[in-house]
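Only one structure is covered here, and it is reproduced in the block below.
Each ligand, and each atom within it, is numbered from 1 in the order the structure gives.
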Amino acid sequence: MEKKLKILSKKVNFYLNNYLSKFNYSELKAPMKYGLFPGGKKIRSKIIFDVGSIFNVKKKHLLILASSVEAIHAYSLIHDDLPCMDDDKLRRGKPSTHVKFGESTAILAGNSLLTTAFEILSSNNFKVENKIKSRLINLLSRCSGQAGIAGGQYLDLSYEKKKVSLKKILSMELKKTGKLFEFCCVAPLLINKNKKNISSFSKIGKDIGLLFQIVDDLIDFKGKTKIAGKKTKKDIKKGKATIISLLGYENAVKYANKLKQNIYNKLRSYNNKADNLRETINFIIERKN
Ligand code: GRG
């Protein structure tokens with residue numbers, strides 16, 4: 001799996017780097033590239049390719065989807081680390097973008113990565129019908145904005161040091177993390193006009209996102225900063241509302257395993273075509289960074 005992620009990471013980074021190289025020099029390119037490269041695990045890209053492989057979606061289309069998602073993801077991490085958000089000085093094993101380039105530059109580089117995602121999807125290099133293109137752009141914007149990542153981040157910050165119900169925590173994690181995973185699972189189907197499987201893969205995407213976030217919380221609770229590449233044990237200090245803070249570590253592990261089983265059940269009818277996606281789910285639950 002690590003080898004597969006490395007190969008995929010090379011492809012996605014190559015596409016993004018090439019895309020950014022097309023434009024004239026700008027001072028923002030360096031901080032944008034710093035936030036993008038070398039660039040994390042590429043789990044979201046892997047899921048796009050896993051789902052694409054179940055339904056035989058063209059790889060060149062999947063690469064464009066993955067590149068746009070990784071641009072948004074990198075943006076969310078740059079902004080997440082800002083002093084006014086989670087105030088983190090370490091990301092992907094190196095100083096956060098605002099530590100390296102300053103706060104205002106990090107904000108602008110983040111904003112530029114957000115628009116890069118939509119530039120990529122709307123570009124002429126993406127050779128899918130305009131109607132499909134606009135559906136993809138619409139879905140990705142909805143997954144990123146107030147009903148998705150940004151809205152989830154707002155809730156995450158506003159729940160600090162408060163007692164919050166399980167329902168509210170799940171809804172916050174679904175927005176903050178789950179919506180982008182949902183996009184990764186649904187977008188390949190939109191390209192193939194595969195209406196039949198959209199609702200089932202939308203649910204699978206949300207479950208994977210939730211699982212990913214719970215494992216992230218478990219890593220924060222028990223993981224080591226050196227291995228995680230970001231500071232751990234922050235959630236307790238900040239009084240973050242997580243499944244662990246509400247149910248305890250052992251129950252959060254049980255919850256994650258239950259989610260994994262749910263996802264496996266939903267994938268049963270796709271037989272061995274879903275093996276790549278199963279492999280990614282196992283990786284997510286066992287990951288240490
Ligand atoms: C992006 C629209 C938009 C808004 C910005 C700051 C913010 C609002 C949102 C933060 C969202 C956030 C950081 C959620 C956490 C998701 C998460 C678990 C990230 C870690 O992802 P990994 O482990 O990272 O895949 P790597 O480094 O491997 O890519």
Cation-pi between Lys11 and Tyr15: NZ/CZ under 6.0 Å from ring centre and within 45° of the ring axis?
no
Protein contact to atom 16 (C) of ligand 1 [nearest heavy atom, distance to 0.1 Å]
Thr177 OG1, 3.6 Å
Can you tell me which portion of Lys41 lies within the under-4.0 Å heavy-atom range of ligand 1? Options are side chain, backbone, both, or neither.
both
Quick check on contacts: which atoms of ligand 1 are under 4.0 angstrom from a heavy atom of Gly40?
26 (P), 27 (O), 28 (O), 29 (O)
Asp87/Lys89 salt bridge by N-O under 4.0 Å criterion:
yes
Sub-4.0 Å atoms of ligand 1 with respect to non-hydrogen atoms of Gln153
6 (C), 7 (C), 8 (C), 9 (C), 10 (C), 11 (C)
Nearest non-hydrogen protein atom to atom 3 (C) of ligand 1, with distance, is Tyr75 CE2, 3.2 Å
Under 4.0 Å from any heavy atom of Arg287, which atoms of ligand 1 are there?
23 (O)
Starting from atom 11 (C) of ligand 1, locate the nearest protein heavy atom and write down its residue, its atom name and how far away it is, to 0.1 Å.
Ile149 CG2, 3.6 Å
Between Asp86 and Lys240, is the closest basic N to carboxylate O distance under 4.0 Å?
yes
Answer side chain, backbone, both or neither: which part of Lys179 comes under 4.0 Å from ligand 1, heavy atoms only.
neither
Relative to the heavy atoms of Phe212, which atoms of ligand 1 are at a distance of less than 4.0 Å?
18 (C), 21 (O), 22 (P), 23 (O), 25 (O)
Between Lys222 and Tyr249, is NZ or CZ placed under 6.0 angstrom from the six-membered ring centre and within 45° of the ring axis?
yes
Taking a cutoff of less than 4.0 Å between a non-hydrogen atom of the residue and any ligand atom, is Ile43 in contact with ligand 1?
no
Which is it for Asp80 and ligand 1 at heavy atoms under 4.0 Å: side chain, backbone, both or neither?
both
Among all protein heavy atoms in this structure, tell me which lies nearest to atom 27 (O) of ligand 1, with the distance rounded to 0.1 Å.
Arg92 NE, 2.8 Å
Nearest non-hydrogen protein atom, atom 24 (O) of ligand 1
His73 NE2, 3.3 Å
Near His79 (heavy-atom distance under 4.0 Å), the atoms of ligand 1 are 6 (C)
Taking atom 14 (C) of ligand 1 as the reference point, the nearest protein heavy atom with its distance:
Lys176 CG, 3.5 Å
Heavy-atom neighbours of Lys41 NZ exceed 12 at 6.0 Å
yes
Name of the residue among Asn289, Asp216, Thr225 meeting side-chain hydrogen bond (donor to acceptor under 3.5 Å, both in side chains) with Lys230:
Asp216
At a 4.0 Å threshold, what atoms of ligand 1 neighbour a non-hydrogen atom of Gln213?
15 (C), 16 (C), 18 (C)
Identify, for atom 25 (O) of ligand 1, the protein heavy atom at the shortest distance, and state residue, atom and that distance.
Arg44 NH1, 2.7 Å
Between Glu173 and Lys176, is there a salt bridge with N-O shorter than 4.0 Å?
no
Close approach, Glu70 and ligand 1, non-hydrogen under 4.0 angstrom:
no
With clusters defined by side-chain heavy atoms of hydrophobic residues (ILVMFWY) lying less than 4.5 Å apart, directly or transitively, does Tyr159 cluster with Tyr154?
yes
Are Lys46 and Phe49 in a cation-pi contact, defined as NZ or CZ under 6.0 Å from the six-membered ring centre and within 45° of the axis?
no
Is the Lys NZ or Arg CZ of Arg44 less than 6.0 Å from the centre of Phe212's six-membered ring, within 45° of the axis?
yes
Nearest neighbour of atom 2 (C) of ligand 1 from the list Pro38, Gly145, Ser76, Ser144, on a heavy-atom basis:
Ser144
Can you tell which part of Lys42 has a heavy atom less than 4.0 Å from ligand 1: side chain, backbone, both or neither?
neither
Regarding Asp207 and Lys266, does a basic nitrogen lie under 4.0 Å from an acidic carboxylate oxygen?
yes
Report, as yes or no, whether the 6.0 Å neighbourhood of atom NZ on Lys231 holds more than 12 heavy atoms from other residues, nucleotides or ligands.
no
